[in-house]
Amino acid sequence: MKEITIVAGGQAGDGIASVGETLSKAFTRMGLHLFGLNAYQSVIRGGHVWFLARASPDPVPSQGDTCDVLYALDTQTVDIHLPGLAAGGTVVYDPEKFTIDPARVPVGASALAVPTLAIARKYTSQSILQNAAGLGATAFLAGIPLELLQKTLADSFGRKKGEVVDWNLGASADGYKFAQEHTSPNSNAVRPSGEPKLLLTGNQAIGLGAAAAGCKFLAQYPMTPASSIMHWMAAHSREIGVVVKQAEDELAAINMAIGASFGGVRAMTATSGGGFALMVEALGMAGMTETPLVVVESQRSGPSTGLPTKTEQGDLNLMLGAGQGEFPRAILAPSNPLEAYHLTVRAFELAERYQTPVLVASDLHLSESFGTIDRSELHLDLEVPPVATAEPNGHEFKRYRYTPSGVSPRSIPGQPGLNYIAGSDEHDEVGHLISDVKAGVPIWVAERTKMMDKRMRKLDGLLKDAVPPVLEGPATAPVTFVAWGSTVGAVRDARRILEARGVRSNLLAVPTVYPLHRESVATHLRAAERPILVEANFSGQLGRLIRAETGFEVPHRLLKYDGEPFYPMEIVRKATEVIGHGRN
Amino acid sequence: MAGTSAVSVPATTGAALPMVGKSDTKPTWCPGCGDFSVLAAIEMAVKKLKIPSHNVAVVSGIGCSSNLPHFLSSYGFHAIHGRALPVAEGIRWANHELTVIATGGDGDGFGIGCGHFVHTMRRTVDLTYVTMDNQIYGLTTGQASPTSMMGQKTKSTPAGVIENPIEPVALAIASGATYVARGFSGDVKHMADLIQNGIAHKGFAFIDALSPCVTYNKINTFDYFRQRVYKLESSGHDPTNRALAFERALEWGDKIPIGLFYRTEKPTYEDLEEVLAAGPLARQPAGLKGRDALLEEFL
C-alpha cells in the first residue's frame, strides 16, 4: 500500500489544526482515504500540539506508526517527532526560528529549511501567516497539486474574502514553489485516486447519524471530547430542525432530553465520563419510565478530571453499571466515523423500539479524529416512524401493559384518551405508583416482580436487533484479537502489517458491547488459537465482561492507559511475542 | 423539504374532550396537609382555563408533594428528586402547545434542584412552577429544609438550624422569573387565582405555596401563617415595579405578604428558539430525507 503520513507540530495558538485540516481535505479531495489525528492539551496557548494526517488510496484505519513529512514550528516538535521521521522523509522548518543539528536527522531523512517568516513578512507583520508558507512546502512534498491546495485553502475561509485570504494564498504558493525549487516530492507522495471522499470526525458522524435517525432535540453541557457533537448540531440547528440546548449541567441535560422524549420527539444527550457520572440517576429514570433516550458517552482518560484531552476506554464498567437497580440498556461501540453514523442510527432505532436508554460508547480517539467515508456508503434518506404507537380504545390506557416482548403501547401528551403518568417510582400497568401504600402488600409484591420481568424482557429483543460481533479475517489464525471502539482501527492496521510479514491473524470486533452476543463471542474465542484482548484501560473491562458472560478468560492482554491511542506496531509486537510463546 | 412526520398529535383545542379533574388515585398525604389545598387550587385553575386534560402535563420531582401528578387526570411525569424543571422544559420544547405545570416541595426545588430553579427562570421558559413550601423534609421524616428558619430544631439539626433560609420569592425575582407570587394553603380560592393567572401568563410563572406540614413542622403551622399573612392586592402594591417587588419579597416576620409580587413581559425561550417557529417540535418533520447537500461540507 502506498501511503504518506504528514505531521505538523507547534504550540497551541500556532494554527496547527488548521494546517492539518487543510492538508487532510486536500488529500481526501484527491480521492484518498485518510486518518487525521488532532493531538492537543488542556491549554489554549502554548504547550505542544500536533496534527497527523495519514493518506492512502486504501482505507486508513488508524494513525499508523510512521512520519514521512514533518512540519516543525518549534523545537519541542523537533525533539518529540524528528526521531520518528522515516527514511526518505523530510523535516520542514524555518532556520530564522531555530536550527536543526544535521546529526539529529535520522539516516536517510533530510531537513528542508524554508523561510516561512520571511515569506509571511512580504504580506503582513502577523507571524501566524508563516503557517501558510509551511503548509505550501509540506503540500509539495506530499504530492498535493498547488491548484488543489489553493482551492482547499480558499474554501477553508468560507465566504470570507479580502486581504487575509489573499495573503494566505500568496504565502502558501510561495512556500510551495520554494520547496519545488529546492527539493523533490517525497518518494511516498500521493496521486489522485478516484472520487473525493467525505472527511469527518467521529463526533460529526454521530451528529449526522442522530439527525438522520430523526433526533429533534439535543441537550448537552460542554465537556471534552463530546462538545463537538453539540457544536456541529448547533451550527446546523435551523437547517435540520433540531433544538440544541446547552444546559446548566449534565443533570439538566439528560433530564431535558428525557422530558423532550416523553413529549414526543427523539432526543439525545452527549457527554464524557465525568458528565455521564452525573447523569446516572436519570438514566435509570429513562429505564423505569420506559422513555426512549440516546446518550453518547465519549470517554477520556480518568479517573476524575483525568487527562481531559487524552483518550481511554475506561468507562465501560461505569456504562454497564450506571444506575441504581436494574433496567434494560444497550451499549453500542463504533470503531470509525462510518460505524459511528450507522450505530448512532441504530441507537435511536433501538431506543424507540424498546423504549429504554441506549448508549453510544465513543472515546476521544474516535470522537475527535478524522476519517473518510465513500460518498456512496452514506445514505441520509432514512424513514423515521412516528413516536406514538397507542390508539385510544375506550378503556383505561395501560401505558405499561404486560406484553411478551416487554414493549408496551406508547402515547405522547396531546393525544386525547391516552393520558398517563410516567413514574420513576415502581408502578402498575396503568402507571399508578405501587411504591407507597401498596408496597409490601402481597398482590403488589407479585406485581412488582411482573413489572421488573416485563422491562427486563426487552433485553431479549435488544440482543436480537443489535449488531452482532464480526470475525474479520480468516476463520482460523495463530492469533485472534478481541477489541471494541476506536482500538479496532489500530488492530486492523496491525493485521495488515502481520499479513505482510506472512503472519495470519483475525479480529473479533465487538460493536455491541451490551447486551453481549455471548454465544457468538464464546464460540469464536474458544476456537481461537491465541486470543489477545486489546483495550485502552487498566483492568481489561471488556475482558471482564466476556468472562462474566461466557466464563471464558481471554488469556493474553494488551492493555494501555497512558492516554495515547494504540499504535499498530504495539499490537504487532504483542502478537509476535504471544506467537513466540507457542499455543495456549 | 421532505421527511416523515415524527408523530401525529392532534392540534385540536378539544373543547368536547375531558377537562383536568381528580384521578382515581387518592392522595396519600397526612390528614390536614397543606398540599390538599394546592391540589385543589391547581385543579380549579386548569378547569377555569378550560384546558382539556390531554393538553396538560404535570411534572414533579420527589417528596410528599411531588406525588401530586398522580392525583390529577392529565398527562404527568413523576421524575427523580430535584429534576422536575429540566423534565418540564424538555416537554415544553418538544411541544410548546402543551400547558406544562411543574410541582414539588422546597427540598426538591430549592435544595437538590436549586440550580435548575435559577436557570429555568433566567431563560423564561413558558411554564408554571408551584412549590409546596412547608420548610421541612416530610417524606424523609423531618429534617431541615433549605427554607427552614434559623434556629429551627429538626432531626438533622437538634441544636437548631444555623444557616440562613433560601428566600424563594426574592430569588425568583432576582433570577428573572416573569410572574412571581406566593399563596397560602389556608386560602384556596386566592391560590387558585394566582395559579390560574400564572398559567395564563406568558413566561415563567412561579407560585410559592405556603403549605404547612402538620406532622413535622410545629413552627410554621396554619395558625402561624393565619396570624401573619396579608394580601398584596389589598396593600396597594404595584407588581410591575421590580425594586418594590424585591422589597416586599424580603418581608418575613410579623407580616408575611401573599399574592402577586411581580409581573413583567419578556419574549419566552420558545419565542426566541428559531427552530420552534415552525410549530411544535413533535409535529415537525424528522430525519434528513432530501438533505444530501449537508454532506457538501465534508467534501
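So you know, we letter chains A, B, ... as the sequences are listed, proteins then strands, and number each from 1.
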When heavy-atom pairs shorter than 4.5 Å are enumerated against chain A, which of [options] gives the highest number?
| options | answer |
| --- | --- |
| L85(B), L295(B), V59(B) | L295(B) |
| A94(B), G115(B), G76(B) | G76(B) |
| A88(B), P280(B), S73(B), S53(B) | S53(B) |
| V118(B), T120(B), V100(B), D24(B) | D24(B) |
| R123(B), E273(B), H81(B) | R123(B) |
| V56(B), L72(B), I80(B) | I80(B) |

Looking at [Y] and [X], is there a salt bridge between them, counting it only when a charged N and a carboxylate O are closer than 4.0 Å?
| X | Y | result |
| --- | --- | --- |
| E270(B) | K202(B) | no |
| K438(A) | E426(A) | no |
| R92(B) | E89(B) | no |

>> Once you measure the plane-to-plane angle for F206(B) and Y129(B), does it fall in the parallel (<30°), tilted (30-60°) or perpendicular (>60°) bin?
In response: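 The arrangement is tilted - the two ring planes meet at 30° to 60°.
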Proximal component of [X], with respect to chain A [non-hydrogen, under 4.5 Å]:
| X | result |
| --- | --- |
| S60(B) | neither |
| E297(B) | both |
| L98(B) | side chain |
| I62(B) | side chain |
| A79(B) | both |

> What's the shortest heavy-atom distance between D428(A) and I434(A), and which atoms?
Replying inline: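 Heavy atoms only, the tightest pair is N-CG2, 4.0 Å.
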> Among T291(A), N255(A), D381(A), who wins on heavy-atom pairs under 4.5 Å with chain B?
Replying inline: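 Most heavy-atom pairs within the cutoff with chain B belong to N255(A).
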> For Y221(A), does the OH atom sit with more than 12 other heavy atoms under 6.0 Å from it, leaving out its own atoms?
Replying inline: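 No, OH of Y221(A) has 12 or fewer neighbouring heavy atoms, counting only those of other groups under 6.0 Å.
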So which part of [X] gets closer than 4.5 Å to some heavy atom of chain B, the side chain, the backbone, both or neither?
| X | value |
| --- | --- |
| E195(A) | neither |
| V437(A) | side chain |
| I373(A) | neither |
| Y420(A) | both |
| V242(A) | backbone |
| H236(A) | side chain |

> Does S376(A) offer a backbone N or O that forms a donor-acceptor pair with the side chain of H379(A) under 3.5 Å?
Replying inline: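 Yes, H379(A) side chain to S376(A) backbone: donor-acceptor pair under 3.5 Å.
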> Does the side chain of D271(B) pick up a donor-acceptor pair with the side chain of T268(B) at under 3.5 Å?
Replying inline: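 D271(B) vs T268(B): donor-acceptor pair found between side chains.
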